[in-house]
Amino acid sequence: MKKINEKKFFKNSRILITGGTGSWGNELVKQLLKKFDPKEIRIYSRGEHKQVEMRRRFQDERIKYFIGDVRDKERLLLCSKGIDYIFHLAALKHVPVCEMNPWEAVSTNIIGTQNVIEAAIENKVKKVVDVSTDKAVDPFNLYGVTKACGEKIIIAGNNISKKTRFVCIRGGNVLGTNGSVIPLFKEQIEKLNEITITDEQMSRFLMRVEDAIKLVLHATTHSIGGEVFVMKMSACKIIDLAKVMIDRFGNDRTKIRNIGIRPGEKLYEVLVSRYEVPRAFDLGKYFVILPQIPISGLDERYNKYWRLQYQEFNSNNTMQLSRTEIEDLIENDGWFDNQIHKEAIEYLRNLSKDELKNFFKLEGWQK
Ligand SMILES: NC(=O)c1ccc[n+]([C@@H]2O[C@H](COP(=O)([O-])OP(=O)(O)OC[C@H]3O[C@@H](n4cnc5c(N)ncnc54)[C@H](OP(=O)(O)O)[C@@H]3O)[C@@H](O)[C@H]2O)c1
């Protein structure tokens, strides 16, 4: 593979990030500004509040903020004029929310993605990077189904345009992102002295957002278009995560309450399915899955790599994090410190005991 100078890749380029105000978006902006010297980063999202907060946090004139919905193609067309690279992060991503509002999930995650593709092609964007999830593999809930459709239409975009290349990057759970379980566990222990878990056998991929974004950027610079890059991630049993949180914040009386699997949840997550294995290659930091449809250049590029040595790659057969490793990961990412992720946990901290119980019920966490 040709040696690529990652640092030069985005130098003086114009980048659009849909969903740029979210957990991945904030970290992506941080790393782009720190290491890659882009000319301009456009943030495209709906909520003004999150944009104002982000503007205050970064205080960088290279970042421009645009209110817009990915469902609105006209607005996307306008905001992607002159853009070199698009990172498509905007999504509805809470499993229960997508289940309860199926058409909203379809409109944002599928139609929104198609709008991004069309706007990119019309504006001759060089590359579009779609961030997908383990839940898109053998999908079982609507969030996963919509993200799987997103992957398919993104990859097929390569056959509509010669100029714009489309790539997909699939990751598992990122530590402490919006809606993740770590701040919730902490609050449960402090207010209710218990943790609710859905099943003792449940495992999940786990990674720091900082590392996830490094992989996103590496895959972006090294892809030719048409690949699904899969992050090689470690995983942990949720029960071990719960025990780490109890060791830190709980006491002898802290209970773990087993409430059974939630609607739409799997016991373990899969990042490369058994059906994808015949088309999957091992590139060291990643697996690359080639599409079922022909896209020129891909076979020649990847045929020299090792084939995947798993029947499928899932959160049970990947490297399992020990309790000490889980603890280090949480500690290093600042999740034991109330000050570091203040904004992410503030709304939970303000809830009373009853409100917190109710919150978990509404999220489908309590029977
Ligand atoms: N978090 C994880 O562990 C994880 C793992 C794998 C993959 N992913 C994927 O990574 C991406 C980013 O995840 P995240 O954790 O950063 O999510 P997040 O924190 O919930 O952020 C979502 C972003 O999308 C924006 N958004 C939502 N609907 C939109 C719409 N219709 N039009 C424009 N913007 C919209 C949100 O802002 P507004 O609401 O203000 O519009 C926000 O900026 C998602 O595609 C997700 O599927 C996440």
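Computed from heavy atoms alone, side chains included, the values below leave out hydrogens, waters and symmetry copies. Quick caveat, the model's predicted, so the values are computed rather than measured.
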| note | Sorted by chain and residue number, the salt bridge (charged side-chain N to carboxylate O under 4.0 Å, His left out) partners of Arg62 (sequence neighbours excluded) come out as Asp37, Asp60

| message | Just by distance, no angles: are the side chains of Thr196 and Gln188 close enough, under 3.5 Å, to form a donor-acceptor pair? | response | yes

| field | Side-chain heavy atoms of Asn141 within contact of Glu99, under 4.5 Å | value | yes

| message | Is the shortest side-chain heavy-atom distance between Glu104 and Val97 below 4.5 Å? | response | no

| task | Answer yes if the ring centres of Phe281 and Phe287 are under 6.0 angstrom apart, and no otherwise. | result | no

| query | Any Lys/Arg nitrogen of Glu190 or Lys186 sitting under 4.0 Å from an Asp/Glu carboxylate oxygen of the other? | reply | no

| query | Got a salt bridge between Asp282 and Lys232, using NZ or NE/NH1/NH2 to carboxylate O under 4.0 Å? | reply | yes

| message | Is it the case that the ring center of Phe205 lies less than 6.0 angstrom away from the ring center of Phe313? | response | yes

| query | Any side-chain heavy atom of Leu283 within less than 4.5 Å of one from Tyr302? | reply | yes

| field | Flag side-chain contact, heavy atom, 4.5 Å: Val125 against Val128 | value | yes

| Taking atom types as modelled and ignoring hydrogens, do the side chains of Gln51 and Ser45 form a donor-acceptor contact shorter than 3.5 angstrom? | yes

| Is the shortest heavy-atom distance from the side chain of Asn158 to the side chain of Arg165 under 4.5 Å? | yes

| Between Asn314 and Glu312: side-chain donor-acceptor atoms closer than 3.5 Å | yes

| query | Would you say Val95 and Lys135 make side-chain contact, with heavy atoms under 4.5 Å? | reply | yes

| task | Would you indicate whether the side-chain heavy atoms of Ile197 and Arg257 approach each other to under 4.5 Å? | result | no

| request: Would you indicate whether the side-chain heavy atoms of Ile238 and Thr198 approach each other to under 4.5 Å? | output: no

| Does the separation of the ring centres of His218 and Tyr286 fall below 6.0 angstrom? | yes

| field | salt bridge (Lys or Arg N to Asp or Glu O under 4.0 Å) pairs, two or more places apart, involving residues 105-127 | value | Lys73-Glu118, Asp84-Lys126

| request: Scan Ile246, Ile239, Leu184 and name whichever one has a side chain to side chain contact (heavy atoms under 4.5 Å, CB included) with Ile195. | output: Ile246

| request: Check for a donor-acceptor pair, side chain of Glu151 on one end and backbone N or O of Val228 on the other, with a separation under 3.5 Å. | output: no

| field | Single-linkage hydrophobic cluster, 4.5 Å side-chain cutoff, Leu271 and Tyr275 together | value | no

